[in-house]
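First the proteins, then the strands, lettered A, B, ... as listed; each starts at 1.
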Protein chains: 2
Amino acid sequence: MTDMQAPGGHALLFLTDEQLRKGIEAMFFAYRGFTADPDRILDAHKLGRAHHRALHFISRAPGTTVNNLLSILGVTKQSLNRVLRTLIDDGLVDSRIGTRDKRERHLFLTDAGAALEQELSIAQRERMRQAYREAGPDAVQGFRAVLEAMMDPELRHHFNRVKDDRND
Amino acid sequence: MTDMQAPGGHALLFLTDEQLRKGIEAMFFAYRGFTADPDRILDAHKLGRAHHRALHFISRAPGTTVNNLLSILGVTKQSLNRVLRTLIDDGLVDSRIGTRDKRERHLFLTDAGAALEQELSIAQRERMRQAYREAGPDAVQGFRAVLEAMMDPELRHHFNRVKDDRND
DNA sequence: TTGGAAAGTCAACAACACTGACATAAAACT
DNA sequence: AGTTTTATGTCAGTGTTGTTGACTTTCCAA
């Protein structure tokens with residue numbers, strides 16, 4: 001990959017439209033693979049990707065409020081409510097009224113919810129681990145750097161919520 | 001990032017569940033950014049992502065058949081047909097009966113279709129170019145390597161259809 | 001000529017998003 | 001105390017994108 005040092009000190013990348021298009025297609029096909037394993041598990045439970053996303057972020061931040069989840073997922077409350085209703089009715093998520101602020105609902109995974117989340121997470125992590133292994137150690141940091149730069153700035157803070165351990 | 005040389009010669013990566021989870025979330029948030037710009041353009045034309053995907057791959061392989069497009073996109077013919085019907089009715093795609101095999105329909109972009117595809121492509125390439133620029137030259141290869149490893153093997157050949165120019 | 005593949009159509013359905021309107025409770029503000 | 005804002009939930013309607021199943025037309029090939 002050609003690169004140059006510009007006068008201002010910025011690294012300049014010369015990328016052809018073809019290279020960029022391949023990157024776009026890589027995102028498209030990779031995302032299909034990324035969701036393939038969880039989708040199979042979810043089908044068996046008659047749930048969809050929206051439920052997986054809710055389970056994931058409730059697992060990551062137990063006790064999170066509906067509003068917080070809304071801003072992370074970027075959907076309407078009506079859409080999220082439908083998903084949460086299913087998860088609560090299925091006994092996978094527990095919704096508890098806030099103690100400090102009684103308007104808020106704090107969301108937790110039940111034991112069954114945690115078990116399903118684990119099943120989904122293990123499948124998806126295994127795919128990710130395998131991809132990392134095939135791509136090699138150096139590739140992982142590049143992968144993460146490009147993805148982070150691709151996010152909308154307003155969404156990036158959700159990603160950086162929990163400081164990661166890339167440099168351990 | 002820690003790595004070791006195993007007896008068999010495989011590079012072993014020790015990745016914590018936390019690191020893998022961050023990779024998963026990075027995919028989630030990045031994909032949102034990845035589709036954000038085209039989505040805005042598509043809204044103005046009253047089209048959706050499915051139309052974008054069809055336009056993209058018809059542009060990449062002019063004259064492709066419906067069946068080929070089906071296997072690339074991984075949807076049912078009924079679903080694709082609805083999308084193609086819209087694109088043809090809107091004068092963005094031209095469907096020509098095959099000369100050798102008259103059952104086949106060969107798909108081409110009209111001038112208007114090519115113009116819209118360009119508009120979408122430029123927006124998405126610009127996002128990709130910016131992400132590459134921020135992440136730096138070394139990151140690009142890692143990004144591509146991980147994404148390629150993440151694809152389902154059956155889908156990877158679609159990606160590799162056209163040999164790319166990563167090593168120019 | 002018969003069988004099967006390719007393409008298209010029609011109908012029904014489901015997941016998941018959207019808007020808009022409205023309700024309730026609680027917190028916050030004036 | 002009274003008003004406004006916030007957090008959540010709910011009802012109704014709509015749209016995109018996917019699914020299955022059934023059926024037809026076209027047409028190549030054994």
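Atom P of nucleotide D:dT8 and atom CG of A:L73 are separated by 13 Å, given to the nearest angstrom. The distance from atom CD1 of B:I97 to atom P of C:dG8 is 9 Å, rounded to the nearest whole Å. Rounded to whole angstrom, the span from the CG atom of A:L70 across to the C1' atom of D:dA7 amounts to 10 Å. Atom C1' of nucleotide C:dT9 and atom CG of B:L84 are separated by 14 Å, given to the nearest angstrom. Between the CG atom of B:L80 and the C1' atom of D:dT20 there is a distance of 17 Å, rounded to whole Å. What separates CG of B:D39 from C1' of C:dA17 is a distance of 12 Å, to the nearest Å. For the pair B:E104 CD and C:dA5 P, the interatomic distance rounds to 14 Å; values are reported in whole Å. Between B:L87 atom CG and D:dT16 atom C1' there is a gap of 13 Å when expressed in whole angstrom units.
Of the side-chain N and O atoms in A:N81, one or more sit less than 4.0 angstrom from OP1 or OP2 of D:dT10. The shortest distance between the side-chain N/O atoms of B:N67 and the OP1/OP2 oxygens of C:dA5 is not below 4.0 Å.
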A correct 5'-to-3' footprint of nucleotides 18-28 of chain C, with B, S and - meaning base, sugar-phosphate only and no protein heavy atom under 4.0 Å, is BBBB----BS-
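The side chain to side chain donor-acceptor pair (under 3.5 Å) test applied to B:D39 returns B:R49, not counting sequence neighbours. Under the side chain to side chain donor-acceptor pair (under 3.5 Å) criterion, B:D152 pairs with A:R127, not counting sequence neighbours. Here B:Q78 pairs with B:T76 under the side-chain contact (heavy atoms from CB on, under 4.5 Å) rule; sequence neighbours left out.
At a threshold of 4.5 Å between non-hydrogen side-chain atoms, the residues B:F29 and A:M150 do not count as touching. Between A:Y31 and A:T35 the shortest side-chain heavy-atom distance falls below 4.5 Å. At least one side-chain heavy atom of B:F143 sits less than 4.5 Å from a side-chain heavy atom of B:Y132.
A donor-acceptor pair shorter than 3.5 Å can be found between the side chains of A:T64 and A:N68. Looking only at atom types and distance, the side chain of B:S71 has a donor-acceptor partner in the side chain of B:H158 under 3.5 Å away.
Residues from residues 42-53 of chain B placing a heavy atom under 4.0 Å of any atom in DNA chain D, listed by number, are B:G48, B:R49, B:A50, B:H51, B:R53.
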Can you list, pair by pair, the side-chain donor-acceptor contacts under 3.5 Å of residues 52-59 of chain B, counting residues two or more places apart and other chains?
from	atom 1	to	atom 2	distance (Å)
B:H56	NE2	A:E25	OE2	2.7
B:S59	OG	B:E117	OE1	3.4

